[in-house]
Protein chains: 2
Amino acid sequence: MTETTTFREVMAEIVQRITEGPWGPGTLLPGEVELAEEFGCSRTTMNRALREVSELGFLDRKRKAGTRVRMAPIRQARFEMPVVRAEIEKTGAVYRYALVSREVVAAPDWLRARMGLKARARVVHLLCLHFSDGVAFQLEDRWINASALPQALEQDFSEAGPNEWLVATVPFSEVEISFLAAAADAVMVQHLDHALGDPVFCVERATWWQNAAVTLVTLAHRRDYRMTTRY
Amino acid sequence: MTETTTFREVMAEIVQRITEGPWGPGTLLPGEVELAEEFGCSRTTMNRALREVSELGFLDRKRKAGTRVRMAPIRQARFEMPVVRAEIEKTGAVYRYALVSREVVAAPDWLRARMGLKARARVVHLLCLHFSDGVAFQLEDRWINASALPQALEQDFSEAGPNEWLVATVPFSEVEISFLAAAADAVMVQHLDHALGDPVFCVERATWWQNAAVTLVTLAHRRDYRMTTRY
DNA sequence: ATGTTTATTATGTCTACACATAAGGAGTCG
DNA sequence: CGACTCCTTATGTGTAGACATAATAAACAT
C-alpha cells in the first residue's frame, strides 16, 4: 500500500468486506489492535473507521463483546426539514407567503393535552399559505404558546411566516416530528387544490424549549406531494 | 473543573453557548487551539467535540475560514427504517406474516420507466401482509427484478417476507425513499381496515445495486399510522 | 446448583505532537 | 485594474501511548 491509509479508505474496505467480502451478517470482527496491524494503521485510526462505519448502521460495537456485523443494517433515512421558502426556491419557482387568519384564543383541550399546556393557556392560532409560482403549495396550521412566548402576541405575521420568526427567536428546541396521511377537511379544500376527503400528506411538528411547549404546526401539502430522499 | 473534561461535556457546553449563551447565529468561533486552551483539553478533544456538534447541524466548518454558527440550524429528521417485524415486536405485539399473492410477469410499462428496466424484463410481483397482534398493520406491494435476481424465482416467500430475504441476499444498495399519502384502492380496502378512498400513509422504496434495479416496494399502512421521530 | 466477586479484555476516550490540505489574503506583475 | 503567486492560518487527519469503563468469563463462596 503505497499511499497513506486514511480512515476513509479503511472505512471503504470495511464496508466492502461487509457487503461483498467475507464479513457476512453476524460476523464477529477481530479486535481493533489486530485490524490496525493488518491495515497498517494506528489503533486510533482503526477506531475512527470502525466508529463511523457503525454510525452508518453496519456494525454493532460493545465493550468487551467486540465488533459485530449487524444482522440487518439499520437503514436510516435522513430528511432535511427545509424551510418552505428554501424548498420552493430550490426548484426555481417564485415563493410567496400569505397569512390567511390570525386569532388569539384560549388553548382548546386537545391542544392542552397534546403539548402539555396549563389550563387557561392563551395561544396564537395562525393559518398561513405558502405559494410556489402562485400555486398553493403548503397550508400551515400553527399554534404558538403565548404564555411561553408573549412576544408572539405582538407579531402580526402578515409579511413573514411564523417559522422564520420562530427560528430567529427561539434558539433551540426539543422537536417531535410526525409524517401522516390525513383526509382533506374544509379548510384544506378551500386553500389547496383538494376535494373533500382527499388524501393529504401532512407533517406535524411539535416543539418544546426547556420543557415549555412552544409551538405545534401541521403542514398540509398540495396534491401528490412526496417527501423523497436518496442514500 | 475537578472531573475529567470529556468531549461530551465540551459538546454540551458548546451547544449551550450556541442556543442560550453568547454564540448567536453567524458567530465566528475562536480557533480550536484557543478553545482547547480555554476548556482545558487537548486540541484533539476539542476537534472531536466541534466535529460532532457540526454533525448535529449547528456549526459550519471550513478550513482556514474557521468555525461558524449556522444561521438556521439544519433541522434534519432521522428516520430509522426498521424492518416491519422489529417495529411491531418493539411494541410488545406479536408479529405474523402472510403472503397474499405471488406471480411472475413481464414488467408493466410504468415499472420499467420507474426503475429503468429493460424491455421484456421479468419481475416477481408479491403482495404480503404484516400483522400486529393479529391485526393487519402493513400491506406490502413488492416488485423484484428477476432479470437481475434470478434467485427470486425460486423463492416462494410463503414463510418469510421478501424484505428479510432481500437484505440477506443483496448486500448493499442505492436507495430512494418517498413518503406519500395515497387514496385507498380496492386491494388496500380488502386487506387493511380502510374504506375506498381513505387516506393511506405509504412508504415507497426503490432499490438499485450496481446500477441494476433490484426492487420497488410500496408499504401501505393501517389507518391512522404515523411515522414519528424525536430529536 | 446458584449467587457473588474478581480478573480479563475490547472498546471508549484522552493527550501531545506532527504533517496535510484548503482557502483567505497579501503581495507581485502584466 | 485584474490575474497570478506565495504565505499564512484553521481545520483535517495521522501517530503512539496511556488510562477509563463496561461487560463477559472465570473463580469463588454459599
Side-chain angles (χ1 to χ4, degrees), chain A residues 1-18 22-71 73-74, chain B residues 1-18 22-71 73-74:
Chain A
M1 216 175 271
T2 59
E3 51 179 311
T4 329
T5 74
T6 83
F7 81 95
R8 282 174 200 285
E9 292 178 79
V10 177
M11 276 182 69
E13 172 66 21
I14 291 173
V15 169
Q16 176 140 356
R17 288 198 190 177
I18 293 173
W23 294 343
T27 309
L28 179 67
L29 267 57
E32 291 186 343
V33 209
E34 194 176 331
L35 282 175
E37 212 166 309
E38 187 204 323
F39 280 73
C41 66
S42 72
R43 188 172 87 86
T44 315
T45 302
M46 183 51 72
N47 180 283
R48 172 100 189 256
L50 287 168
R51 176 160 31 95
E52 303 237 342
V53 172
S54 102
E55 266 167 26
L56 287 180
F58 287 106
L59 294 173
D60 201 19
R61 316 194 75 200
K62 270 200 299 209
R63 275 173 164 134
K64 162 73 183 179
T67 304
R68 199 173 281 278
V69 179
R70 277 229 162 80
M71 284 316 220
I74 293 186
Chain B
M1 216 176 271
T2 59
E3 51 179 311
T4 329
T5 76
T6 81
F7 80 94
R8 284 174 199 285
E9 291 178 79
V10 177
M11 274 182 72
E13 171 67 19
I14 291 172
V15 170
Q16 176 141 353
R17 289 197 190 178
I18 293 173
W23 293 344
T27 309
L28 179 67
L29 268 57
E32 291 186 343
V33 209
E34 194 177 330
L35 281 174
E37 212 166 307
E38 187 204 323
F39 279 74
C41 66
S42 73
R43 188 171 88 87
T44 316
T45 302
M46 183 52 71
N47 180 284
R48 172 98 191 257
L50 287 169
R51 176 161 30 95
E52 305 238 340
V53 173
S54 103
E55 266 167 27
L56 287 180
F58 287 106
L59 295 174
D60 202 18
R61 316 194 74 202
K62 270 200 298 207
R63 274 173 164 135
K64 164 70 182 177
T67 304
R68 198 173 283 278
V69 179
R70 277 227 164 81
M71 284 315 218
I74 292 186

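Each chain gets a letter, A, B and so on, in the order the sequences are listed, and its residues count up from 1.
In this structure, A:Glu32 places its CD atom 15 Å from C1' of D:dA16, rounding to the nearest Å. With rounding to whole Å, B:Met11 atom CE is found 14 Å from C:dT13 atom C1'. Across the protein-nucleic acid pair, A:Arg68 atom CZ and D:dT24 atom C1' stand 12 Å apart, rounded to whole Å. To the nearest angstrom, C1' of D:dA16 lies 18 Å from CZ of A:Arg48. Between the NZ atom of A:Lys64 and the P atom of C:dT8 there is a distance of 11 Å, rounded to whole Å. The nearest whole Å value for the distance from the CG atom in B:Leu59 to the C1' atom in D:dG12 is 16 Å. Rounded to whole angstrom, the span from the CG atom of A:Asp60 across to the P atom of C:dA10 amounts to 17 Å. Rounded to whole Å, the distance from CG on B:Asn47 to C1' on C:dA16 is 14 Å.
A heavy atom closer than 4.0 Å to some atom of DNA chain D occurs in no member of residues 22-31 of chain A.
Here B:Arg8 lies in heavy-atom contact (under 4.0 Å) with sugar-phosphate atoms only. Note on A:Arg43: a base of the nucleic acid sits closer than 4.0 angstrom, heavy atoms only.
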| said: Before you tell me yes or no, could you show the steps for A:Arg17 and A:Glu38 under salt bridge (Lys or Arg N to Asp or Glu O under 4.0 Å), namely the whole-Å CA-CA distance, both residues' side-chain angles and the distance that decides it to 0.1 Å? | reply: CA-CA 14 Å; A:Arg17 288 198 190 177; A:Glu38 187 204 323; 2.7 Å; yes
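Checked against C:dG12, D:dT11, C:dC14, the side chain of B:Arg63 finds its nearest nucleotide in D:dT11.
Phosphate proximity of C:dA10 to A:Arg61: absent, as no side-chain N or O sits under 4.0 Å from OP1 or OP2. Proximity of B:Thr6 to the phosphate of C:dG12: no side-chain N or O atom is located under 4.0 Å from OP1 or OP2. Remark: A:Thr45 is not in phosphate contact with D:dT13, judged by side-chain N or O atoms under 4.0 Å from OP1 or OP2. In this structure, A:Arg51 does not reach the C:dT11 phosphate: none of its side-chain N or O atoms is under 4.0 Å from OP1 or OP2. Look at A:Thr44 and you won't find any side-chain N or O under 4.0 angstrom from OP1 or OP2 of D:dA16.
To the nearest 0.5 angstrom, A:Met11 atom CE is 7.0 Å from A:Arg8 atom CZ. Separating the CD1 atom in B:Ile14 from the OG atom in B:Ser54 is a distance of 10.5 Å, to the nearest 0.5 Å. Within the model, atoms CG of B:Leu56 and CD1 of B:Ile18 stand 9.0 Å from one another, a figure rounded to the nearest 0.5 Å.
Looking at B:Arg51 and B:Glu55, no side-chain N of the basic residue comes within less than 4.0 Å of a carboxylate O on the acidic one, giving no salt bridge.
Under a 3.5 Å cut-off, the side chain of A:Arg70 and the backbone N or O of A:Leu59 do form a donor-acceptor pair.
Summary of the strand contacts: A:Ser42 and A:Lys62 both lie near DNA chain D, and taking for each the nucleotide with the nearest heavy atom, the more 5' one is attributed to A:Ser42.
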Name the atoms and distances for all side-chain donor-acceptor pairs under 3.5 Å in residues 62-69 of chain A, with sequence neighbours left out.
from: A:Thr67; atom 1: OG1; to: A:Arg61; atom 2: NE; distance (Å): 3.2
from: A:Thr67; atom 1: OG1; to: A:Arg61; atom 2: NH2; distance (Å): 3.4
from: A:Arg68; atom 1: NH1; to: A:Gly26; atom 2: O; distance (Å): 3.0

